[in-house]
Amino acid sequence: LPNCSFSFIGTDKSNAILFPKPHIPNNIKAYSISDGIPEGHVLGKNPTEKLNLFLQTGPENLHKGIELAEAETKKRVTCIVADAFVTSSLFVAQTLNVPWIALWLPNSCSLSLYFYTELIRQHCANHAGNTTLDFLPGLSKLRVEDMPQDLLDVGEKETVFARELNSLGKVLPQAKVVVMNFFEELEPPLFVQDMRSKLQSLLYVVPLPSTLLPPSDTDSSGCLSWLDTKNSKSVAYVCFGTVVAPPPHELVAVAEALEESGFPFLWSLKEGLIGLLPNGFVERTKKHGKIVSWAPQTQVLAHDSVGVFVTHCGANSVIESVSSGVPMICKPFFGDQVVAARVIEDVWEIGVIMEGKVFTKNGLVKSLDLILVNQEGKKIRDNALKVKKTVEDAGRPEGQAAQDFDTLVEVISRS
Ligand SMILES: O=c1ccn([C@@H]2O[C@H](COP(=O)(O)OP(=O)(O)O[C@H]3O[C@H](CO)[C@@H](O)[C@H](O)[C@H]3O)[C@@H](O)[C@H]2O)c(=O)[nH]1
């Protein structure tokens with residue numbers, strides 16, 4: 001839409017990361033609003049603290065961003081496209097009398113939970129952890145133990161972030177469009193049907209097959225050339241995304257498992273965490289292991305040498321893994337990650353969840369053996385390749401993603 005102006009409202013910090021990047025078209029301009037973090041406040045370890053502080057700033061903060069954009073462009077805002085859980089953006093859209101388009105960026109299936117909150121809470125209060133939630137359309141494999149804590153916390157325990165999420169069942173039907181960051185072709189059909197019956201419009205936009213995914217930043221750490229020296233499907237790639245980190249004893253268990261199993265491994269591990277690894281681990285595993293603080297993940301997963309992804313199941317990691325046909329060993333931490341892990345293990349059958357959702361040396365060695373070499377893992381490996389094929393087909397010009405993209409462009413340009 002070269003004739004439309006897009007004002008991207010973010011915090012100073014997020015804009016500073018995004019906007020120096022190449023490929024940003026000229027008609028997108030960034031405006032910064034408050035991140036809600038009080039001056040001098042030191043953030044704790046809880047990954048959602050930042051979100052809570054930002055969400056507390058409410059609609060006034062967003063209004064300020066819109067005022068900045070309107071003053072500079074001398075144009076009126078005609079449509080708001082926002083992260084679904086920033087629900088105050090709906091109120092801003094209503095005040096301005098413009099359509100609200102909500103983006104659901106976490107793992108897609110987790111959206112269902114916010115339409116069945118009360119039923120889920122009752123079910124969880126009365127059933128054991130391994131009981132399935134048979135009443136969830138298309139997601140009857142989900143279990144009580146897979147339910148995000150944020151969904152179950154009520155009263156004083158409910159954070160601002162949780163409150164926003166838990167209100168989505170009422171809020172999202174007011175969106176002109178809800179956009180999923182996933183492939184409709186991989187969703188359980190009953191889930192999609194159920195969501196469509198509750199929303200004005202549901203579009204599946206964005207991801208393309210791995211070959212077309214935008215490249216991650218350069219391979220300055222030499223991951224790809226290192227992978228070139230390894231055998232096909234032999235390497236375990238380990239990465240837990242940008243937000244979470246396993247507790248120290250689990251990091252040690254991962255290291256011990258990688259050392260004991262002897263499989264080649266590539267580990268993207270934040271610099272500050274290397275000191276937590278067992279003494280001498282880096283030196284001892286130098287021959288078959290490589291640790292970097294940032295890997296070009298999309299290309300790593302698309303590399304033929306990678307045979308398994310040890311992941312926290314963040315939505316982008318899942319998309320990148322399924323696009324490349326790489327089976328997963330799942331260690332979800334919170335929220336949508338836990339739901340995705342269950343879908344990976346029990347719906348697509350392209351991976352396994354760590355027992356008890358905890359890393360232990362023996363547990364991880366067992367899972368690596370299963371996926372990389374054992375005959376019993378063949379079905380998982382084959383399924384991962386089938387899923388890759390589905391994604392490739394879904395990304396073709398005549399596929400649903402391309403059609404939904406055109407529909408979204410039309411909705412925005414008409415508003
Ligand atoms: O060394 C690295 C590490 C990460 N990445 C990229 O960073 C992104 C990480 O995204 P994701 O897998 O979604 O993880 P997080 O950013 O940690 O995920 C947060 O955001 C997701 C999307 O809303 C949610 O699904 C998660 O629960 C939440 O933790 C991916 O594109 C990776 O390719 C790299 O390229 N190299």
Side-chain angles (χ1 to χ4, degrees), residues 13-14 17-18 21 45-52 54-55 82-86 102-111 113-114 146-151 161-162 164-165 168 178-182 206-208 210 212-224 226-227 235-246 265-274 290-303 306 309-324 326 328-344 351 357:
K13 209 167 161 197
S14 63
I17 296 170
L18 284 174
K21 297 224 170 183
K45 283 202 173 140
N46 184 344
T48 56
E49 184 187 1
K50 257 197 291 194
L51 282 173
N52 281 313
F54 174 72
L55 292 171
D83 225 315
F85 66 76
V86 185
L103 308 180
W104 182 249
L105 301 176
N107 285 289
S108 54
C109 284
S110 63
L111 183 58
L113 311 187
Y114 304 105
D146 303 328
M147 293 302 103
Q149 195 53 45
D150 278 338
L151 188 97
F161 177 47
E164 302 268 322
L165 283 174
L168 287 178
V178 173
V179 180
M180 289 287 205
N181 181 38
F182 202 58
V206 182
L208 295 165
S210 55
L212 299 176
L213 285 171
S216 318
D217 296 318
T218 56
D219 184 28
S220 51
S221 46
C223 294
L224 302 175
W226 181 86
L227 286 170
V235 175
Y237 170 58
V238 186
C239 179
F240 307 114
T242 61
V243 180
V244 291
F265 68 86
L266 173 62
W267 192 348
S268 166
L269 183 65
K270 294 186 191 98
E271 239 149 54
L273 299 177
I274 293 189
K290 184 173 174 67
I291 301 180
V292 293
S293 57
W294 185 262
Q297 182 167 301
T298 50
Q299 287 121 307
V300 164
L301 288 168
H303 197 287
V306 173
F309 182 15
V310 182
T311 174
H312 68 311
C313 305
N316 298 295
S317 292
V318 173
I319 289 169
E320 291 156 11
S321 207
V322 295
S323 303
S324 294
V326 178
M328 287 169 263
I329 295 176
C330 308
K331 149 68 199 192
F333 288 77
F334 65 86
D336 66 312
Q337 301 163 8
V338 194
V339 174
R342 181 64 57 203
V343 173
I344 289 165
K357 302 186 183 96

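For reference, positions follow the sequence shown, starting with 1. Whatever order the structure lists ligands and atoms in, that order sets their numbers, starting from 1.
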- Message: Taking 4.0 angstrom as the limit and counting only heavy atoms of Asn316, give me the atoms of ligand 1 inside it, by number and element.
- Response: 10 (O), 11 (P), 12 (O), 13 (O), 30 (C), 31 (O)
- Answer yes or no: is there a side-chain heavy-atom contact under 4.5 Å between Phe240 and Leu273? no
- Task: Grab the two heavy atoms, one from Val300 and one from Val306, that are nearest each other, plus how far apart they are.
- Result: O-CG2, 3.2 Å
- Note on the structure: Among Trp294, Tyr237, Phe85, the residue with a heavy atom nearest to atom 3 (C) of ligand 1 is Trp294
- Look only at interatomic distance and state if Glu320 has a nitrogen or oxygen under 3.5 Å from any nitrogen or oxygen of ligand 1. yes
- Atoms of ligand 1, numbered as shown, that sit under 4.0 Å from any heavy atom of Gln337: 26 (C), 27 (O), 28 (C), 29 (O)
- Query: Out of Ser324, Ser323, Cys239, which one pairs with Leu301 under the side-chain contact (heavy atoms from CB on, under 4.5 Å) rule?
  - Reply: Ser324
- Item | Closest contact, heavy atoms only, Cys313 versus Ile344 | SG-CD1, 4.0 Å
- Query: Are Ser321 and Tyr237 close enough that some pair of their side-chain heavy atoms sits under 4.5 Å apart?
  - Reply: no
- Item | Where ligand 1 meets Cys239 - atom numbers and elements under 4.0 angstrom, heavy-atom basis | 3 (C)
Per-pair distances, 0.1 Å, donor-acceptor, side chain in residues 330-341, under 3.5 Å, sequence neighbours excluded:
| unit_1 | atom_1 | unit_2 | atom_2 | d |
| --- | --- | --- | --- | --- |
| Lys331 | NZ | Glu250 | OE1 | 3.1 |
| Lys331 | NZ | Glu250 | OE2 | 3.3 |
| Lys331 | NZ | Lys357 | O | 3.1 |
| Asp336 | OD2 | Asn107 | N | 2.9 |
| Asp336 | OD2 | Asn107 | ND2 | 2.9 |
| Gln337 | OE1 | Phe333 | N | 2.9 |
| Gln337 | OE1 | Phe334 | N | 3.2 |

- Item | Ser268, Ala295, Ser221, Pro296: member with heavy atom nearest to atom 35 (O) of ligand 1 | Ala295
- Item | Over all atoms of both residues, closest heavy-atom pair of Ile319 and Phe182 | CG1-CD1, 3.8 Å
- Relative to the heavy atoms of Ser317, which atoms of ligand 1 are at a distance of less than 4.0 Å? 11 (P), 12 (O)
- May I ask you to check if ligand 1 and Val244 share an N or O to N or O distance below 3.5 Å? no
- Message: Can you name the atoms of ligand 1, numbered from 1 with element, that are less than 4.0 Å from a heavy atom of Pro106?
- Response: 23 (O), 25 (O)
- Query: Is the closest N or O pair between Val243 and ligand 1 shorter than 3.5 Å?
  - Reply: yes
- Note on the structure: Contacts satisfying side chain to side chain donor-acceptor pair (under 3.5 Å) that involve residues 309-318 (not counting sequence neighbours) are Gln297-Ser317
- Task: List every atom of ligand 1 that sits less than 4.0 Å from any heavy atom of Gly241, numbering the atoms from 1 in the order shown and giving each element.
- Result: 14 (O), 17 (O)
- Query: Out of curiosity, is Gly335 lining ligand 1, as in a heavy atom under 4.0 Å away?
  - Reply: no
- Heavy-atom distance to atom 16 (O) of ligand 1: which of Thr242, Asn181, Asn107, Val292 wins? Thr242
- Message: Can you tell me if Lys13 has over 12 outside heavy atoms packed within less than 6.0 Å of its NZ?
- Response: no
- Query: Which ligand 1 atoms does Leu105 reach within 4.0 Å, using its non-hydrogen atoms?
  - Reply: 22 (C), 23 (O)
